[in-house]
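What follows is a short report on a single structure.
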Amino acid sequence: MSIIKSLTNDINEIIKKVGYEIENLILYPSNRKDLGQYQLNDAMLLAKKYKKNPKVIAEDIVKELEKDERFTNLNIAGPGFINISLSDNYLIESLNIIANNLTENIDKLPSKKIIIDYGGANVAKALHVGHLRSANLGEALKRLARLLGYEVLGDAHLGDYGRPLGLVILEIKKLYPSLPYFDEAYQGDYSEVNLPIDNTDLETIYPIASTKSKEDEAYLEEARQITLKIQNHERGYYDLWQKIVAISKSEIKKVYEDLDVYYDLWLGESDAVEYLDELIEIYTKKNLLKESDNAKIIEVKEETDKAPMPPLLFIKSNGSISYETTDLATILQRKKEYNPDEIWYCVDARQELHFIQTFRAAHKAELVSEKVNLEFVGFGTMNGKDGKPFKTRDGGVMTLKNLISIINEETLKRLDEETLSLEEREKTAKTVAIAALKYADFLPYRGTDYIFEIEKFTDLEGKTGPYLLYSTIRMNSLLEKAKKLPQEQIKVLSSEIEHELALTILQLPTILLKSISSKSLNDIAEYLYNITSQYNKFYSENRVLTENDKSKQESWLTLTKLVYQINNMLLDILGIKVPEKM
Ligand code: ARG
């Protein structure tokens, strides 16, 4: 159990002993450090519950806390705010326990098996900034959840099915009508056919086909027919589809690797299709399908709905299946193959309705039990300075590659030419640019939109990824320079800022739990900035390497090492790599 948790439990016990009970006591450092390190505001609540004067309650509690040597400077402010500080002895002892084993000081959660559906890149389409947000968020949640004791499977859930693929194949047909894939008489082996198209071509083909389909009804109809042919595994079309998926998938993998995003499962929408017959049977048997204009729908409206809730389109009138149906089949597949306790979907907030419909339909047919938490972990959009989804200068969709190269360029400009050679700068810029992008993405609550501000994100001085990396590298280089000096024990806390750091360090487990419960990384991002800037203040106030007082020096080095470890641990959760130099 973490120090902060056992401390909280003990305070709770002490309060119980005086005859009061506080639900959900959380110790947060107070922002009035002059009054005390922590403030308990619960006497006011207890006053209502026990019908007593809050000041009297506070006095009762303080009297009992005073008997415990861990607490000092206990005082009551205003109507009954209790200010509590921790004794240096206790703080030092706690820090040494944490420094001895950082991961032991984390509160684990009861074990659970979770699938996180994130990334969601689409085959034959360029990745865009939305995919970046999904990948960042899902990867970080996966790492955090694992650290807290969950078993997690990350699934890339590729968009490899449906209309877009039909469109791409139709356009290829228009460009290369004589390819054997479109020749019904062709008897040969398709794996030997050479496709004159690479991934870059695929990414340009899709927008062309998509525009055509909007202008030309006949073209759209042809694409629908091809989509159906793929879904029916028709020879030729299905083989071409497979080839396109393979080309695109290997490119997508590379992009994710550059982002330090790794999946346990590389499944796609199409992989759920083998469960389709069973899915249809389940819904049919349970009498949940309704006919509507030749389509089959599922009612998912609930009495408590305030907004209109359209039915879920299960099978379209032309016989093809919808995005919702693919997700239902995927739920069935996940249940059968992995049997998870929860499934989290890290997807653009604009898809919320789709998931509400899908989850309701899934529970209605008991594809998974009511206990299995299907959770939509939606995120907002990254906007341009105009407040609209971030676009290229000429108004086109901002691809992820494009975005990364813009931020790379800006980062490169800012790296120090004196400490790094051009080659080193180029290599480092890649890592730092990704850090800039990811950190800026985690800083706001996941659900809020934010504006892409390149100068701000890449600033070495601000609340940014580069600032965190630079500072963390500096901690390491201090430790390297002091390699021969002892760095085992904290013996004294000799300044205000050291006390502040101590409290921040104690707070770490609380922040991790807060983050997993909101499924947002903003608290961790904020914490990283706080601990780093506190450390930097400490660093600028002290000359660690030349300090004569040996117990001070050892304490400072141990503290540095601990902050360095915490930063590494948290940056790793955020999927941010620390370069060697900067
Ligand atoms: N491929 C989809 C898109 O780009 C995202 C997939 C999200 N996951 C899911 N299970 N539907 O919009």
Side-chain angles (χ1 to χ4, degrees), residues 114-139 141-142 153-168 202-203 206-207 210 227 244-245 248-249 251-253 255-256 259 261 263-273 275-276 279 312-314 321-335 337-338 340 342-362 367-368 372-382 389-390 397-401 403 446 519:
I114 295 175
I115 292 181
I116 308 184
D117 178 317
Y118 68 104
N122 297 313
V123 163
K125 283 209 249 174
L127 278 91
H128 56 69
V129 300
H131 295 117
L132 171 78
R133 293 211 74 185
S134 175
N136 283 350
L137 176 62
E139 180 73 16
L141 287 178
K142 178 187 80 181
L153 288 172
D155 182 13
H157 200 71
L158 293 181
D160 57 1
Y161 224 55
R163 177 96 43 88
L165 270 302
L167 283 166
V168 169
L202 285 177
E203 290 180 3
Y206 175 73
S210 166
T227 309
I244 292 172
V245 171
S248 186
K249 208 166 167 170
E251 189 62 27
I252 290 170
K253 274 192 179 167
V255 181
Y256 283 135
L259 288 172
V261 169
Y263 296 95
D264 307 291
L265 306 172
W266 272 94
L267 297 173
E269 294 173 359
S270 65
D271 289 296
V273 169
Y275 289 88
L276 197 59
L279 187 80
L312 178 150
L313 181 58
F314 191 68
I321 58 171
S322 69
Y323 181 37
E324 287 71 33
T325 313
T326 331
D327 264 320
L328 286 172
T330 306
I331 292 175
L332 185 59
Q333 176 187 27
R334 287 174 177 163
K335 160 78 191 157
E337 294 179 18
Y338 308 103
E342 304 198 8
I343 307 177
W344 302 348
Y345 295 79
C346 299
V347 186
D348 192 314
R350 289 170 290 187
Q351 292 195 24
E352 184 165 17
L353 179 64
H354 160 83
F355 284 101
I356 295 176
Q357 292 184 307
T358 304
F359 297 165
R360 285 186 181 180
L367 297 184
V368 287
V372 173
N373 179 31
L374 302 172
E375 188 163 338
F376 177 62
V377 186
F379 53 82
T381 46
M382 180 203 274
F390 194 44
V397 176
M398 178 63 78
T399 64
L400 186 51
K401 267 196 202 147
L403 182 79
R446 65 171 156 81
K519 302 203 174 61

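We use all heavy atoms of the structure for the numbers below, so side chains are in, but hydrogens, waters and symmetry mates are not. Counting starts at 1 for both ligands and their atoms, following the listed order. Throughout, numbering of the chain's residues begins at 1 and tracks the sequence.
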Report task. Considering only NZ, NE, NH1 and NH2 on the basic side and carboxylate oxygens on the acidic side, decide whether Asp117 and Arg334 come within less than 4.0 Å. Result -> yes
Query raised in the report: Tell me: protein heavy atom nearest atom 8 (N) of ligand 1, and distance?
Result: Asp117 OD1, 3.2 Å
Query - Heavy atom of the protein closest to atom 6 (C) of ligand 1 (residue, atom name, distance) - result: Tyr323 OH, 3.4 Å
Rounded distance [0.5 Å steps], [atom1] in [X] versus [atom2] in [Y]:
{"X": "Glu337", "Y": "Asp271", "atom1": "CD", "atom2": "CG", "value": "8.5 Å"}
{"X": "Arg133", "Y": "Asp348", "atom1": "CZ", "atom2": "CG", "value": "8.5 Å"}
{"X": "Leu276", "Y": "Thr326", "atom1": "CG", "atom2": "OG1", "value": "8.5 Å"}
{"X": "Glu324", "Y": "Phe359", "atom1": "CD", "atom2": "CZ", "value": "11.5 Å"}

Which of the atoms of ligand 1 are close to [X], meaning less than 4.0 Å from one of its heavy atoms?
{"X": "Tyr345", "result": "10 (N)"}
{"X": "Gly120", "result": "1 (N), 2 (C), 3 (C), 4 (O), 5 (C)"}
{"X": "Val347", "result": "7 (C), 8 (N)"}

Query raised in the report: Can you find an N/O atom of Phe355 closer than 3.5 Å to an N/O atom of ligand 1?
Result: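 The answer is no, given that Phe355 and ligand 1 share no N or O pair closer than 3.5 Å.
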Report task. Using distance alone, determine whether Asp327 and ligand 1 share an N or O pair under 3.5 Å. Result ->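 Yes: some nitrogen or oxygen of Asp327 is under 3.5 Å from one in ligand 1.
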Query raised in the report: Is the closest heavy-atom distance from Tyr118 to ligand 1 below 4.0 Å?
Result: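 In this structure, Tyr118 fails to qualify as a contact of ligand 1 - no heavy atom is under 4.0 Å.
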**Report entry** Test item, Gln351 contacting ligand 1 (heavy atom, 4.0 angstrom)
**Finding:** yes
Query - With Tyr263 via ring-ring contact (aromatic ring centres under 6.0 Å, His included) - residues at least two apart - result: Tyr118, Tyr256, Trp266
**Report entry** Best match, Ile331, Asp348, Asn122: closest heavy atom to atom 1 (N) of ligand 1
**Finding:** Asn122
Report task. For the pair Asp155 (side chain) and Leu267 (backbone), establish whether a donor and an acceptor sit closer than 3.5 Å, ignoring hydrogens and angles. Result ->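 Side chain of Asp155 to backbone of Leu267, a donor-acceptor pair under 3.5 Å: yes, one is there.
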